[in-house]
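What follows is a single structure, written as structure tokens, with notes after it.
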Protein chains: 2
Amino acid sequence: MKKHILTYGLCGGVLIVLLKLVEYRFLVVEHSIEIYGGLIALLFAVLGIWLGLKLTKNKETIIVREVPAPQSFTLNETRLRELGITRRELEILGLIAGGLSNREIAEKLFVSENTIKTHSSRLFDKLSARRRTQAVQMGKELGLIP
Amino acid sequence: MKKHILTYGLCGGVLIVLLKLVEYRFLVVEHSIEIYGGLIALLFAVLGIWLGLKLTKNKETIIVREVPAPQSFTLNETRLRELGITRRELEILGLIAGGLSNREIAEKLFVSENTIKTHSSRLFDKLSARRRTQAVQMGKELGLIP
DNA sequence: TTTGTCGTCATACTTTCGGGTGAATTAGTT
DNA sequence: AACTAATTCACCCGAAAGTATGACGACAAA
């Protein structure tokens, strides 16, 4: 803003000098004062318009629109290490969240049901959960599962 | 827009007349030509600025900023009726998803644990779920719970 | 008034879950 | 080679969850 005003002033100064030259060399001697005034009027009008445009250049209307969240899930590896949860345990947490029973998980992973029990037990310990539903809840809160 | 230009022109005309009067009565006779030029410059500059402002008055830059909406959940009432799930059952589904046990839910709602069992049983039937984790999963998919 | 839905509760039984303990195997590190 | 972490598996027991069935009262609709 200050820059514009400064520029405006400089242009004015230059113009004055220019006018002086014009005045003494051609116009006043050869033509009428109307031309002189008209020139000044024209130039300053143009400058004024330019300044006006500059002054209003930054009129912006910001519209904030909410778009549906793009479902970007990124695993919170830090928390994983903090809690000491292993890959296998995380995998099982995901399957539990998927609504599978221990037996189904065991079949899916080709291991015994007891193994799944061991994993989930340790998982619950690390998550401070007592039930699988609670574990799912915490897992979501901690950013371990989507 | 045209109105503005017209006004501008009229102002200019009035000014010319005014200047003529000023010219012949005071200024040119008594003062130097610089005052005359300065006056014209000032007036036209003001007019120019005014016109510039008018011209750009409606030129607003509209910036649309898209912001991810923070999980706006709306209950799917239609599906609720389709499945014949009652308010109470939905309430219990929510608490199950929150990781509560049947006993905890019973205490929270001041009813017996058997009641919760009955409700959840019927709920699982309607959701075609065999386990509470599965019910939670389906509930989320069907838009019954956040 | 009858009918139907909803919410409540109970009893009995089966299945699943979760806790505790111990241990073998594998893979990676020092 | 020794050590550690991760994974695997087993057995037992109690708690929680789920199934099946029946019942009762409130309340609204037909």
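Below, chain A is the first sequence line, B the second, and so on; all start at residue 1.
- Annotation: of the two residues near DNA chain D, R122(A) and E113(A), the 5′-most nearest-nucleotide partner is R122(A).
- Rounding to the nearest 0.5 Å gives a distance of 12.5 Å between CZ of R122(A) and CD1 of I85(A).
- The distance between atom NZ of K117(B) and atom C1' of dT21(D), rounded to the nearest whole Å, is 14 Å.
- Of the two residues contacting DNA chain C, namely A129(A) and F110(B), the nearest-nucleotide position lying further toward the 5' end is that of F110(B).
- Between R132(B) and F124(B) there is a side-chain heavy-atom pair separated by less than 4.5 Å.
- Put simply, N114(A) has a side-chain N or O that comes within less than 4.0 Å of OP1 or OP2 on dA10(D).
- The phosphate of dG18(C) has neither OP1 nor OP2 within less than 4.0 Å of any side-chain N or O from R130(A).
- The side chain of N102(B) contributes no N or O atom lying less than 4.0 Å from OP1 or OP2 of dA16(D).
- Phosphate proximity of dG18(C) to R132(A): present, with a side-chain N or O under 4.0 Å from OP1 or OP2.
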Sequence neighbours left out, cut at 3.5 Å: what donor-acceptor pairs do the side chains of residues 135-146 of chain A make with other protein atoms?
residue : atom : partner : partner atom : Å
Q137(A) : NE2  : E141(A) : OE2          : 3.0
K140(A) : NZ   : P146(A) : O            : 2.9

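- OP1 or OP2 of dT8(C) has at least one side-chain nitrogen or oxygen of H119(B) nearer than 4.0 Å.
- Among the candidates V111(B), L93(B), L123(B), I116(B), the single residue satisfying the side-chain contact (heavy atoms from CB on, under 4.5 Å) test with R88(B) is V111(B).
- Nearest nucleotide to the side chain of T115(A), out of dC17(C), dC9(D), dT11(C): dC9(D).
- Between the NZ atom of K126(A) and the CG atom of L83(A) there is a distance of 9.0 Å, given to the nearest 0.5 Å.
- Contacts with DNA chain C (heavy atom under 4.0 Å) in residues 76-93 of chain B: T86(B), R88(B), listed by number.
- The minimum heavy-atom distance between I96(A) and S120(A), with the atom names listed, is CD1-CB, 4.2 Å.
- An angle of 40°, rounded to 10°, separates the two end axes of the helix from dT1(C)-dA30(D) to dT30(C)-dA1(D), each defined over five pairs.
- Rounded to the nearest 0.5 Å, atoms CD1 (I92(A)) and CG (L109(A)) are 6.0 Å apart.
- The CD1-P distance, from I116(A) to dT16(C), rounds to 15 Å in whole Å.
- For the OP1/OP2 pair of dT16(C) and a distance below 4.0 Å, the side-chain nitrogens and oxygens of R103(A) include at least one atom meeting the criterion.
- For S112(B), no side-chain nitrogen or oxygen approaches OP1 or OP2 of dT8(C) to under 4.0 Å.
- Using a 4.5 Å cut-off on side-chain heavy atoms (C-beta onward), R130(A) and E104(B) make no contact.
- When heavy atoms are screened at a 4.0 angstrom cut-off, T118(B) is found touching base atoms of the nucleic acid.
- Between dT16(C), dA17(D), dC9(C), one nucleotide has an atom nearer to the side chain of S101(B) than all others, and that is dA17(D).
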